[in-house]
Amino acid sequence: MNSHAPQAIVVLAAGAGTRMKSAVPKVLHPICGRSLLMHAVTAAAGLDPERLVVVVRHERDQVVEHLAEHAAFVRVADQDEIPGTGRAVQCGLEQVDAETGTVVVTYGDVPLLDAATLERLVAEHEGTHSAVTVLTARIPDPTGYGRILRDEAGEQVLGIVEHKDADEAQRAIDEVNSGIYAFDLAVLRSALSRIGTDNAQGEMYLTDVLAIAREDGGSVRALVTDDPVLVEGANDRVQLAQLGAEMRRRINERHMRAGVTIIDPDTTWIDADVTIGQDAVIEPGVQLQGATDIAGEAVIGPDSTLRDTVVGRGAHVVRTQALLAEIGEEATVGPYTYLRPGTVLGARGKIGGFCETKNAQIGDGAKVPHLSYVGDAEIGEGTNIGAATIFANYDGVNKHRTKVGRHVRVGSDSVLVAPVEIGDGAATGAGTVVRKDVPPGALAVNASGQRNVEGWTQRRREGTAAAEAAREALERAASGDATDASEMDTTHGEQETR
Ligand code: UD1
Ligand code: CA
C-alpha cells in the first residue's frame, strides 16, 4: 500500500470539449497510444486510491464503454444537468462511501500529469494538515485561467477567482489554478453543499470551495509546479498535437536515460506503454506502438512500425510493418517485410525482403528469406523456404493450414496448397505445386517438363539484338570457345530436357 494512498481520486470528464470539433469525445482522443482519459486514469491509478471515480456526461456511453474496456476498475459517476466543476465533483463523491481522508481531483483532458506529481501534492497536503492544497503554475499568459489569491504573507490561499469574474488587478496575477487539488474529504463535502451558481457562467464552481474552507478556518495552500506543461489541458487539436509532441519527447528521453540508443529522437515515436531493454538501438523513422516490447540489444529500423509486437534480444528488424507478431532472439526481419497477427519467428530465424506472414509459427533457425507469403502455417526448425514460395491458404471460402517439418528445403517458387503437410527432412523442387502431403525425406517435384525449341529466337526475332547475341554464342560454341552453351549450370531446381 502506498504511504500516501488517497481515499479517492475523482477525474472530471463530463465537459463537452466543443473546440475539438469532433464526433469523438475529447477525452477519447489519443496521444502516444492512449486516450487523454487513460493518461489521466493511469496517473491516478499510480497512487493506488481506495476508489477511482470518473465523472461523465457528454457522450457518456462512448466514454463508459472505453473505460470498461481499458480500466474496468474505475467507478463511473454521471453528472446531472447542473453545470460546473463543483457539481461534477459533488456527483463524483456520490460514488465515495468514506467520510474522512484525502480526495484528489484531476481532469480527464490533462495528459502529461504524472503519478509522481500527484504524490507530491498529496504528501504536501497531508504533511501540512491542510483542508485544501491546489496545484498551481506561474505562466506568461494566464488569460482564461482561474487566478490564485494569496494572503499578505503569501502562505495561505484566500480563494480562486475565475478569469471571467476577475477585476483588472486580479487578472494581472500570473499564478493560475491547474484544476488539480487535494482536499480533506469532510471539508469538501461540506463546502460543496454551500456553493451556488451566482457567477459569470452560472455554474457551480469547484474553485469556490477554497474560500469557504478558508473562512471555516482551514489551511488552504498552493503547491506551485515548476513544470507547467504537466497541468496543461488539450482543448483543441492544435494543443493535442503540441502535448503529443511534448509527451513523445519525454518518453524518448526516459528510454535514453534507461540505456536505449535512439539515433534520431525527432523521428522516433514510442507509445506510452512500450517497453525497451538496455542497449537496444532504435534507428530513425521508427514507430513503436501499443504494448510493443523490445528486448535488450535488439536493433529496430530504420523506418519500421511495430504494434503490439514482441522482439527478442539481439534481433534485427529493418523496414518492417508488424502487428501482433513475435520475433525471436537474434532473428532478422526485413527489409520491406509485413508481419501480420500471429506471426511467431523462432530464435535466429529469418523473414527476409518482400515477405508477408500471418498466423505462422516459424521455428528456431528457420528461414523465409525472399519474396514469400506464409499464411496459416507451421514451419519446423532449420527449414528453408525458397524464394517466392507461396502458402496458398485460402480456397476462396475457407482458410486452411500448412505444416512444414524440421530441416525441410522448399524449392524456389513452390506453391503449397493447404491443407498440406511436408514431412521432416523433405524437399520440393523449384516451381513445385504441392497438393499432396510429402512424406519425411521425400523430394516432391511436378514442375512441367522443359522443352527447348532450338533456334527459336533467330527464326522468330530475326534482326533483333537477341537474335544476334544467340547467333554469336552458338558460333563461339561451334568453334570450341571456353563458354560452351551446352555446359551451362542447370543445377538450380529440377529440370529435364525433352
Ligand atoms: C477550470 C477552473 C479554473 C482553472 C481551469 C484549468 C473552475 C470553476 N475553474 O476552468 O480555475 O484555471 O479549469 O484548466 O473549476 N467539467 C465537468 N463538468 C462540468 C464542467 C467541467 O466534468 O460541468 C470538467 C471538464 O470536462 C474538464 C474540467 O472539468 O475536464 C475543466 O472544465 P473547463 O470547462 O475546462 O474549466 P475551465 O472553465 O477552463
Ligand atoms: Ca479548460
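Both ligands and their constituent atoms are indexed starting at 1 by order of listing. When reading the values below, keep in mind they use all heavy atoms of this one structure, side chains included, and skip hydrogens, waters and symmetry mates.
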Engineer: Please identify which of these residues, N252, T267, L288, meets the side-chain contact (heavy atoms from CB on, under 4.5 Å) condition with I282.
Structural biologist: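 Answer to the side-chain contact (heavy atoms from CB on, under 4.5 Å) test with I282 among N252, T267, L288: L288.
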Engineer: With respect to Y107, determine whether any N or O atom, backbone or side chain, lies less than 3.5 Å from an N or O atom of ligand 1.
Structural biologist: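 By distance alone, the answer is yes.
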Engineer: Relative to ligand 1, is Q79 under 4.0 angstrom through side chain, backbone, both or neither, heavy atoms considered?
Structural biologist: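 The answer is the side chain of Q79.
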Engineer: What's the verdict on side-chain hydrogen bond (donor to acceptor under 3.5 Å, both in side chains) for Y394 and D376, showing C-alpha distance, side-chain angles and the deciding distance?
Structural biologist: CA-CA 9 Å; Y394 186 47; D376 300 310; over 6 Å; no
Engineer: For G146, take its heavy atoms, then give the atoms of ligand 1 lying under 4.0 Å from any of them.
Structural biologist: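 Here the atoms of ligand 1 in question are 3 (C), 4 (C), 11 (O), 12 (O).
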Engineer: Which is closest to atom 19 (C) of ligand 1 in terms of heavy atoms, G84, G15, S178?
Structural biologist: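 Selected option, by shortest heavy-atom distance: G84.
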Engineer: Please enumerate all residues that pass side chain to side chain contact (heavy atoms under 4.5 Å, CB included) together with K403, with sequence neighbours excluded.
Structural biologist: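 Residues passing side chain to side chain contact (heavy atoms under 4.5 Å, CB included) with K403: E378, E421.
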Engineer: Could you tell me whether the side chains of Q7 and T100 share a donor-acceptor contact shorter than 3.5 Å?
Structural biologist: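 Note: Q7 and T100 side chains miss the donor-acceptor criterion.
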Engineer: Name the option, out of T85, V56, V54, that contains the heavy atom nearest to atom 21 (C) of ligand 1.
Structural biologist: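 When every heavy atom of T85, V56, V54 is considered, T85 comes closest to atom 21 (C) of ligand 1.
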Engineer: Does ligand 1 have a heavy atom under 4.0 Å from the side chain of A88, from its backbone, from both, or from neither?
Structural biologist: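 Just the side chain.
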Engineer: Using a 4.0 Å heavy-atom threshold (strictly under), name the region of E162 that reaches ligand 1: side chain, backbone, both or neither.
Structural biologist: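 The answer is the side chain.
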Engineer: Can you tell me if G233 contacts ligand 1 (heavy atom of the residue under 4.0 Å from the ligand)?
Structural biologist: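 No heavy atom of G233 comes that close to ligand 1.
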Engineer: List in chain and number order the residues that pass salt bridge (charged side-chain N to carboxylate O under 4.0 Å, His left out) with E215, two or more places apart in sequence or in another chain; answer none if no residue qualifies.
Structural biologist: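 With neighbours one apart ignored, the set is empty.
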Engineer: With heavy-atom distances below 4.0 Å as the criterion, list the atoms of ligand 1 near L12.
Structural biologist: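 Those atoms are 22 (O), 24 (C), 29 (O), 30 (O).
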Engineer: Quick check on D167: does its CG atom have over 12 non-hydrogen neighbours (other residues, nucleotides or ligands) under 6.0 Å away?
Structural biologist: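 Above 12, so yes.
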Engineer: Would you call D109 a ligand 1 contact, heavy-atom distance under 4.0 Å?
Structural biologist: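 Contact check D109 vs ligand 1: positive.
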Engineer: Among L37, V55, V27, N177, which one puts a heavy atom closest to atom 5 (C) of ligand 1?
Structural biologist: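 Going through L37, V55, V27, N177 one by one, N177 has the nearest heavy atom to atom 5 (C) of ligand 1.
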Engineer: Ignoring hydrogens and geometry, is there a side-chain-to-backbone donor-acceptor pair from R237 to K21 under 3.5 Å?
Structural biologist: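 Flag set: sc R237 to bb K21 pair under 3.5 Å.
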Engineer: Classify the side-chain pair H66/S35 by whether it contains a donor and acceptor separated by less than 3.5 Å.
Structural biologist: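 Yes, a side-chain donor-acceptor pair sits under 3.5 Å.
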